[in-house]
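Lettering follows sequence order; numbering is per chain, from 1. Side-chain atoms are counted along with the backbone in the values below, which use heavy atoms only and exclude waters and symmetry mates.
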There are 2 protein chains.
Amino acid sequence: MDTNKVKFEKASVTVDVLIFTVEERDLKVLLVKRANKPFANSWAIPGGFLLKGESLDEAAFRILIDKTGVTDVYLEQLYTFGDPERDPRGRVATVSYFALIPFKKFAEPSSPKVSEIKWFSIKDIPSLAFDHNKILRYALSRLRAKVGYSNIVYGLLPERFRFSDLQKLYEVVLNKELDKRNFRKRMFNLGLLESTGEKEVSGAHRPAMLYKFKSREVVFFD
Amino acid sequence: MDTNKVKFEKASVTVDVLIFTVEERDLKVLLVKRANKPFANSWAIPGGFLLKGESLDEAAFRILIDKTGVTDVYLEQLYTFGDPERDPRGRVATVSYFALIPFKKFAEPSSPKVSEIKWFSIKDIPSLAFDHNKILRYALSRLRAKVGYSNIVYGLLPERFRFSDLQKLYEVVLNKELDKRNFRKRMFNLGLLESTGEKEVSGAHRPAMLYKFKSREVVFFD
DNA sequence: CCAAAAGTGTTATTGATACACCCATGC
DNA sequence: GCATGGGTGTATCAATAACACTTTTGG
């Protein structure tokens, strides 16, 4: 192949972070409304340009803190999107990450530049800026696959939770119903959970035992 | 966070492709000896800068063809490495891919710029340029995980192969021995293979039936 | 006593593992 | 006839799937 006349191209590198949480037993993703062109007023995945001296992981972490104030978090690189046409401003490659945070830790963002920021149910996603719908679909498929062979859902839950919260979370992520008894059996057999001994301050029904993950580190199984 | 005084940084984007094959029942990866600085004379993963108008996948494909002449191939994006210190020339983010090719299709490369090119057994990898040892370790762990729940090994095998070739391949990739009867049972149960009806032109032993994958498309199972 | 969610066991089926001998060929 | 790799079956165990009733609380 003759490459003599073809030019290399410096690209801008952005890092986008898909921030997921569970609220009201529903899986939600944090989106921002863009203030500037291109795609002004469109909703988009939060992100930003890579800064001098910053690693990709550091940039993802910075964006996450900027938007949510959360630091104790599960964060994983997802995929890199680099189609030459994906950004009208020029060649921009986006390294996408996904983050899982417990809703309770979320604090309103400090960043003044963002005009608006909002949690969207994954069942109700509008048309997004750039190729962000595609990125979100990719993130969801990774998340769905990964909950099947790892404990990463710990990132979505508070320290202590009811068993039914955990089950509901799996049901929402996997988009299918699970049998209560089989689910409990399997979860206990994996040996990742422990009872806290405490019970929820309950409603008009039998109070539920509260559980926690033995370890808030990623564990793979199967 | 005050970002007013921090500068954005344009980065060069390179695409590196880990090209795997099986030869002599051993898993091998293609490395090139670098002609130029930095790391002149070190072995490295083949790669190159992203060209104008080219998508990441296209760049990976171009590099692969350039080095091997192979076009019918399994190719998958792996991970993006972007530490600010990883290349002494400046900020370079590398999007890594891995490719699986059947050894028979390999043709000597047409590219005149490469000083040397060589297959290395994965058991015998030297110290590589940049952070390429780390990238290779990552690729191997992805490959090992993925053969467990997909049929991607089809990419490493010729059209028709003996069952024992397939088993040996799994053993090399997973670095452990497998039981012959259980392995055959499982493979047949997955329903991805079919007999070609033909037998190998054999050596001093009973001739082996030759099999092929029903589909040379990625299939996931489990 | 009624509504609401928590909690609990058994059976059937499937997939994984462990294991040893005969077969077809070339020389 | 012997050396070389090809090819086959059974029994045990573990994990998964299907399935319905009782318990504890608040109001």
Side-chain angles (χ1 to χ4, degrees), chain A residues 22 24-26 144-145 147-151 157-158 160-212 219-222, chain B residues 22 24-26 144-145 147-151 157-158 160-212 219-222:
Chain A
V22 205
E24 303 284 321
R25 299 192 163 199
D26 195 12
R144 287 193 176 114
V147 298
Y149 60 91
S150 79
N151 66 344
L157 289 167
R160 304 176 314 147
F161 48 86
R162 295 173 294 176
F163 218 107
S164 64
D165 293 331
L166 183 65
Q167 178 173 345
K168 187 67 196 175
L169 171 50
Y170 270 89
E171 290 179 338
V172 168
V173 170
L174 298 176
N175 197 29
K176 69 172 174 188
E177 300 212 330
L178 301 171
D179 178 87
K180 187 161 48 152
R181 283 169 292 187
N182 293 336
F183 180 76
R184 293 175 85 99
K185 213 181 310 173
R186 180 161 144 79
M187 282 295 144
F188 283 128
N189 283 345
L190 289 171
L192 303 173
L193 295 177
E194 63 187 10
S195 163
T196 63
E198 299 163 76
K199 299 200 169 171
E200 78 173 326
V201 281
S202 61
H205 54 82
R206 178 171 174 178
M209 179 66 70
L210 295 174
Y211 293 89
K212 66 195 206 66
V219 177
F220 297 105
F221 39 84
D222 265 15
Chain B
V22 204
E24 304 285 320
R25 298 193 164 198
D26 195 14
R144 287 195 176 112
V147 297
Y149 60 90
S150 80
N151 66 343
L157 289 167
R160 303 176 317 146
F161 48 87
R162 294 171 296 174
F163 218 105
S164 64
D165 293 331
L166 183 63
Q167 179 172 344
K168 187 69 195 170
L169 171 51
Y170 270 88
E171 289 178 339
V172 168
V173 171
L174 299 176
N175 197 29
K176 69 173 177 188
E177 301 211 328
L178 300 171
D179 178 88
K180 190 162 47 156
R181 281 170 293 187
N182 293 338
F183 180 76
R184 292 175 85 98
K185 213 183 308 172
R186 179 160 144 79
M187 283 296 144
F188 284 127
N189 281 346
L190 289 172
L192 304 173
L193 295 177
E194 63 187 10
S195 162
T196 63
E198 299 164 75
K199 298 199 171 173
E200 77 174 325
V201 281
S202 62
H205 54 81
R206 176 172 174 180
M209 181 64 73
L210 295 174
Y211 292 89
K212 66 195 205 72
V219 177
F220 297 104
F221 41 84
D222 266 14

Using a heavy-atom cut-off of 4.0 Å to chain A, what are the terminal contacting nucleotides of DNA chain C, in 5' to 3' order? dA3(C) to dT10(C)
I'd like to check [X] versus [Y] (side-chain heavy atoms, cut-off strictly below 4.5 Å). Are they in contact?
{"X": "M187(A)", "Y": "L192(A)", "answer": "no"}
{"X": "V172(B)", "Y": "K168(B)", "answer": "yes"}
{"X": "L210(A)", "Y": "F161(A)", "answer": "no"}

Which ones in residues 160-182 of chain A lie close to DNA chain C, meaning a heavy atom under 4.0 Å from one of its atoms?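 The stretch gives S164(A), K180(A), R181(A) as the residues lying under 4.0 Å from the strand, ordered by number.
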What residues from residues 184-192 of chain B pass a heavy-atom cutoff of under 4.0 Å to DNA chain C?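 Under 4.0 Å from DNA chain C: K185(B), R186(B).
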Among residues at least two apart in sequence or on other chains, which ones pass ring pair (Phe, Tyr, Trp, His ring centres under 6.0 Å) with Y170(A)? F183(A)
Got a sec, which residues hit ring pair (Phe, Tyr, Trp, His ring centres under 6.0 Å) with Y149(B), two or more places apart in sequence or on another chain?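 Once residues adjacent in sequence are excluded, Y149(B) has no partner under the ring pair (Phe, Tyr, Trp, His ring centres under 6.0 Å) criterion.
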Residues that [X] engages under salt bridge (Lys or Arg N to Asp or Glu O under 4.0 Å), provided they are two or more places apart:
{"X": "E171(A)", "value": "none"}
{"X": "R144(A)", "value": "none"}
{"X": "D26(B)", "value": "K123(B)"}
{"X": "R25(B)", "value": "D165(B)"}

So, do F163(B) and Y211(B) have ring centers that fall under 6.0 Å from each other? yes
Residue pairs passing the salt bridge (charged side-chain N to carboxylate O under 4.0 Å, His left out) test where at least one lies in residues 176-197 of chain B, sequence neighbours excluded: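 Found E194(B)-K212(B).
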Atom pairs, protein N/O to nucleotides 24-27 of chain D N/O, distance under 3.5 Å:
from    : atom 1 : to      : atom 2 : distance (Å)
dT24(D) : O2     : R206(A) : N      : 2.8
dT25(D) : O2     : A204(A) : O      : 3.4
dT25(D) : O2     : H205(A) : N      : 3.2

Would you mind listing every side chain to side chain donor-acceptor pair (under 3.5 Å) that reaches into residues 201-210 of chain A, with sequence neighbours excluded? none
